[in-house]
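Everything numeric here is computed off the predicted structure, so don't read it as measured data.
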Amino acid sequence: MLRTHTCGELRLQHAGQAVALCGWVQTIRDKGGILWIDLRDRYGVTQLILEEGVARPELFEQARQFGREFVLRAEGKVAERAAKNDKIPTGDVEIRVERLEVLNSAKVPPFTIEDNTDGGEDLRMKYRYLDLRRSPVRRSLELRHRMAQQTRAYLDGQHFIEVETPVLIKSTPEGARDFVVPSRMNPGEFYALPQSPQTFKQLLMVSGFDRYFQIVKCFRDEDLRADRQPEFTQIDCEMSFITQEDILNTFEGLVKHLFRTVKGIEIADLPRMSYADAMKYYGIDKPDTRFEMRFTELKHHSTNLPSQETVVDLVSGKNFPVFEDAELVVGIAAKGCAEYTRKQLDELTEFVKRPQIGAKGLVYVRCNADGTIKSSVDKFYGEAELRGWAQAMGAGPGDLLLILAGEANKTRKALAELRLEMGERLGLRDKSKYSCLWVLDFPLLEYDEEAGRWFAMHHPFTSPKPEDIALLDAGSLGAVRANAYDMVINGVEVGGGSIRIYNRDLQEKMFGILGFSREEARRQFGFLMEAFEYGAPPHGGIAFGFDRLCSLFGGADSIRDFIAFPKNNAGRDVMIDTPATISDEQLKELHVRVATEGKK
Ligand code: ASP
């Protein structure tokens, strides 16, 4: 070995020892008679010192040639420092250098390799290998490593077998576009990269593997949104002879294990919430439950009820057209915000009116600390009504009611955004706090107006709840609930799965409902349906978004720093510069013709 210790290892107890260290030059400080070099490696930083009268003069001359990021080997003796640095673990010692060797020189890096770098995102991505030298990025990847190791340890302990499934497959319909790979040997034919190993893990259950897992790359050619990667990693799992309850317990166990071993946090049993309640109280199927601020409906025409009757109504009959015409009037109470200024309220109004959110306006009620109550709709509503609203919303003096109205689904969505915004403004979304829950009983199907047909909310292999199969037969498709579940942490869907269909007839029927012809279903999924005829056990599973889970554990917003070599928002790897064109020869070999219109 070129070194005796790492740059993070030496302490006072090593004083007097002769050591050799290797690493990169972090900084050089030259005070004439005394020169320091901070030497860095993955494990830390150690100070090297040259002192006039102690170190040989040639050493000074040599050291003055070094630049940042030179790769050095230094030999010397460990000594106690005069001025200690309590910010780093090696801060009590320094190395009195006796020999220096340049292992490699370095160009001046395009940004400084420091925790708070001056490098912009683009530059850091172009030189990702330098960015990865920075401690915060390296620590994120170390966290990822620990998460992966602990995932394996837990699942292995639960008798899960890690199996690799193929990367060159046929498309599986999971709602996104496939990346495809042309086959040279089969002209005109293509492989698809897996959006998930869904059908393979189900086949492994038919094979009797009983418990499968894989930490696996998945690929989805989706329109790019901030922080979405075209390739990402899942902890993918499947189990046989289980009920939904077993899956929830097993994977609640995984997440508790990860929190315990990686973060030293004991988390409580995960509360469970139905999809219907999540939508009703939080307007979203992945509620951030770090804070309450639940929705209160002031008026709701339930379209699910045959009579269209009004279930609650604290607003009608006062000639306020916005509320008169609304299907849903719903609000939140923001604690202690009654004194929001006009400007702050205008900001919130602007916020909900942004096209992405799409509300037409915002009604507010100030429950003032002095007991008076004032609203933006005083023209229509008297004190008694406003107090009625405040009471329904559990608001007291000092609180601010924020109310939206309109078509039910849209209004819920908009209020969900406003709730998160208020949570942010009130500092209720602390990244070091974790609130986990299960969301259960998702609808099996959702209707897409544009496509004019039903889609599987999770995927086509998800089983309806047995007690809802009658509804399926009766054609009440929207009312059928699935044995499907999501794990949500801090408003992020970190995992989702379902109990599967394992009966050929039901699977075939499901494909029919989803608009597949018999032919098509057989062509695409004949292998799976046939497998169901050879003794398929009842089974179910789940997959966790591993990158996202790591970023949550790391308390970060972005998943990029938890991926060694991520793509940018346009789906490009700017370091290796891809996607890229390929030669005409390659194209020919692959039997691919490219539309060159508009290009050179
Ligand atoms: N394959 C599903 C997904 O990728 C997860 C599952 O149902 O196990 O979302």
Side-chain angles (χ1 to χ4, degrees), residues 1-120 123-124 126-142 561:
M1 291 250 238
L2 292 181
R3 62 188 176 197
T4 58
H5 295 81
T6 69
C7 295
E9 214 178 333
L10 297 170
R11 303 285 184 272
L12 256 189
Q13 79 212 47
H14 297 98
Q17 271 188 32
V19 297
L21 300 184
C22 294
W24 287 263
V25 172
Q26 172 87 30
T27 49
I28 301 186
R29 276 159 294 143
D30 187 356
K31 288 268 156 72
I34 191 160
L35 185 149
W36 293 275
I37 300 172
D38 280 347
L39 198 66
R40 181 194 68 238
D41 66 9
R42 185 185 123 192
Y43 309 92
V45 173
T46 300
Q47 176 166 291
L48 311 180
I49 184 167
L50 304 180
E51 245 178 316
E52 212 162 46
V54 184
R56 283 175 289 116
E58 314 89 81
L59 276 179
F60 276 90
E61 256 158 61
Q62 195 190 359
R64 287 193 176 115
Q65 312 299 316
F66 300 162
R68 276 195 282 138
E69 303 304 320
F70 269 46
V71 190
L72 303 187
R73 179 175 186 278
E75 282 177 26
K77 282 220 174 65
V78 183
E80 180 167 0
R81 268 203 220 185
K84 300 202 167 59
N85 176 355
D86 57 14
K87 293 205 181 67
I88 55 172
T90 61
D92 286 349
V93 296
E94 58 196 358
I95 311 301
R96 296 188 175 277
V97 177
E98 286 155 18
R99 214 174 93 81
L100 282 170
E101 188 184 338
V102 176
L103 300 176
N104 213 338
S105 61
K107 293 210 299 198
V108 176
F111 50 87
T112 53
I113 315 286
E114 285 170 353
D115 289 9
N116 292 315
T117 178
D118 53 0
L123 204 56
R124 296 204 292 120
K126 179 150 194 259
Y127 296 93
R128 182 63 166 173
Y129 51 90
L130 294 180
D131 197 30
L132 289 169
R133 279 187 197 162
R134 295 170 51 237
S135 307
V137 189
R138 194 201 56 247
R139 274 198 296 271
S140 299
L141 287 162
E142 285 171 352
D561 279 348

(message) I need the R81 CZ to Q47 CD distance, nearest 0.5 Å.
(response) 3.5 Å

(message) Which label fits Y127 and Y129: parallel for a plane angle under 30°, tilted from 30 to 60°, or perpendicular past 60°?
(response) perpendicular

(message) Taking R134 first and then E114, would you say they form a salt bridge - that is, a charged N and a carboxylate O separated by under 4.0 Å?
(response) no

(message) Under a 3.5 Å distance rule, please check whether R73 uses its side chain to pair with a backbone N or O of L100 as donor and acceptor.
(response) no

(request) Nearest 0.5 Å please: distance from the CD atom of E9 over to the CG atom of D41. (result) 9.0 Å

(request) State plainly whether the residues D30 and R64 are in salt-bridge range, i.e. N to O under 4.0 Å. (result) yes

(request) Taking T46 for its side chain and C7 for its backbone only, find out whether a donor-acceptor pair lies under 3.5 Å. (result) yes

(request) Look only at the side chain of Q26 and the backbone of I113, and say whether a donor-acceptor pair between them is shorter than 3.5 Å. (result) yes

(request) For D115, look at atom CG and say whether over 12 heavy atoms of other residues, nucleotides or ligands are found less than 6.0 Å away. (result) yes

(message) Salt bridge or not between R40 and E69? Use side-chain N to carboxylate O under 4.0 Å.
(response) yes

(request) Would you indicate whether the side-chain heavy atoms of I37 and R29 approach each other to under 4.5 Å? (result) no

(message) Looking at D118 and R124, is there a salt bridge between them, counting it only when a charged N and a carboxylate O are closer than 4.0 Å?
(response) no

